[in-house]
Q: 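Before we start, here is the structure in question, set down as C-alpha cells.
Per chain, numbering begins at 1; letters A, B, ... match sequence-line order.
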Number of protein chains: 2
Amino acid sequence: MTAARTGGRDGGRDGGRDGEEETYSIAELAREFDITTRAIRFYEDEGLLAPRRRGQTRIYAPRDRTRLKLILRGKRLGFSLQEIAEMVTMYDATPGETGQLELFLKRIAERRATLEQQREDIKVTLAELEAAEAAAKRRLRELRGAR
Amino acid sequence: MTAARTGGRDGGRDGGRDGEEETYSIAELAREFDITTRAIRFYEDEGLLAPRRRGQTRIYAPRDRTRLKLILRGKRLGFSLQEIAEMVTMYDATPGETGQLELFLKRIAERRATLEQQREDIKVTLAELEAAEAAAKRRLRELRGAR
DNA sequence: GTTGACGTTGACGTAAACGTTAATCATGAC
DNA sequence: GTCATGATTAACGTTTACGTCAACGTCAAC
C-alpha cells in the first residue's frame, strides 16, 4: 500500500546518465492504482497504452503513467474504453488539417455536453442524498430520544 | 419525438372518476426516454421497477416514471444497475431500526464520496477539454490566416 | 374475420471489460 | 544449479446490460 514510486532494482534511474527518466514496471503501476496487471495489458491491447519494451518486458515511462491516470479517470466517470481512447488521443494529437480540426472541435463540444449533463446529475443526486441523510439523522435522534 | 405524455386511448384519466392518476404504457415511457421496451422490462427483472398490471399488461404510474428517471440518471453517471437499485431503494425506504439507520448513513456517505470524486474528475476534465479546444481554435486561425 | 398495432414471456446472442488458469521465460539470490 | 519472484503470451470463462428473434395474446378498425 505504500505507493511504490520507483520500484526495486530496475525502476528508477537507468544508470546515472544524464538523460534519466523514471520508469515503472507493470506491477508497480498496478499496485499504485490498485488495478490488476491484466487490466493494464488489456488497455494496451485496446490501443490505450503503448509502453516501451526491453525484450519482452514492458517498461512504462511517466507519460504512460499519466495516460493510465487519464484512463482511470475516464472510467470513474463511466466512459467506455473506446470513448476514453478518443479523449486520450485528443490530448496528445491536435490535428493539423482544417477539416480534422473542425471535427475535433465538434467532438470536444460533445464531450463537454456530456460532462455538463453529468455535473448537473451529480448536483441533483447530491442534494437528494443530503435530504435522505438529514431524514435518517432526524429519525435516529427520535429513536434515541425516546428512552 | 413529440413526447407523448398521455398516450392514445388508454393513457390518461381512467374514466373521469375523482381518484384519477396519470398512467403510461411501456411504449410511451420508452419513447419519452429514448430507450427500448426491452430495457424497461430488464430493469423490472432486476427489481428496479414494479409497475401495476392490468391482466398481463404493465401499467406505469407517475411514481414508476420517476423511478425510471432516477435509473437513467444513475446510468448517465456510470453506476451499475445494482448500485442504482441501492440508491433507488434508499430514497423511498428510510429504515426504522437503529442499526439499519447507521448502515444507511454509511452507504450515503460512500455514495457522496464517489459523487464528489466524480465532480472533481469532471472539473479537471472540463479544464483539459477547454485547453484542447483553445489550442485547436488557435491552430485553425493560424491555418486560415496563412493564405 | 383478418389485419395491424401493441402487449406478453421465454430464450439465445452479444459487446465490453476484464478474471482466471496454463504454460513458459528471465533473473537475482542462495 | 535451483529456487523464488515477476514477467510474458494464449485462451477460455464470467458478469453486465441489454439486443434480437420467436411464438403467442388482445383489441380496435376495417
Q: Would you verify whether the NZ or CZ of B:R111 falls within 45 degrees of the ring axis of B:F79 while also being under 6.0 Å from that six-membered ring's centre?
A: yes

Q: Please list, chain by chain and in numerical order, all residues satisfying side-chain hydrogen bond (donor to acceptor under 3.5 Å, both in side chains) with B:T125, sequence neighbours excluded.
A: A:R73

Q: Which nucleotide in the list D:dA7, C:dC18, C:dG7 gets nearest to the side chain of B:T57?
A: C:dG7

Q: Do any of residues 33-41 of chain B sit with a heavy atom less than 4.0 Å from DNA chain D, and if so which?
A: B:T36, B:R38, B:A39

Q: Would you list the protein and nucleotides 21-24 of chain C atom pairs, both N or O, that sit under 3.5 Å from each other?
A:
none

Q: Taking the side chain of A:R53 as its heavy atoms from C-beta onward, which of D:dC18, C:dT8, D:dT8 lies nearest to it?
A: D:dT8

Q: Please convert DNA chain D into dot-bracket. A pair counts if it is Watson-Crick or G-U wobble with both distances under 3.5 Å; crossing pairs go in [ ] and bases paired with another strand get |.
A: ||||||||||||||||||||||||||||||

Q: Run the side-chain hydrogen bond (donor to acceptor under 3.5 Å, both in side chains) test against A:D64 and tell me which residues pass, sequence neighbours left out.
A: none

Q: Go through D:dT8, C:dG7, D:dC18 for me and flag the one nearest to the B:I26 side chain.
A: C:dG7

Q: Rounding to an integer number of Å, can you tell me how far A:F79 CZ sits from C:dA16 C1'?
A: 16 Å

Q: Rounded to whole Å, how long is the line connecting atom CD of A:E28 with atom P of D:dA7?
A: 8 Å

Q: Calculate the interatomic distance between B:Q56 atom CD and C:dG10 atom C1'; express it in whole Å.
A: 12 Å

Q: Return no unless some side-chain N or O of B:K75 is found under 4.0 Å from OP1 or OP2 of D:dC18.
A: yes

Q: What's the closest nucleotide to the B:R58 side chain, out of C:dG7, C:dT9, C:dC18?
A: C:dT9

Q: By side chain to side chain contact (heavy atoms under 4.5 Å, CB included), which residues pair with A:L105, not counting sequence neighbours?
A: B:E133, B:A136, B:K137, B:L140

Q: Over how many whole Å does the gap from B:I71 atom CD1 to D:dC18 atom P extend?
A: 10 Å

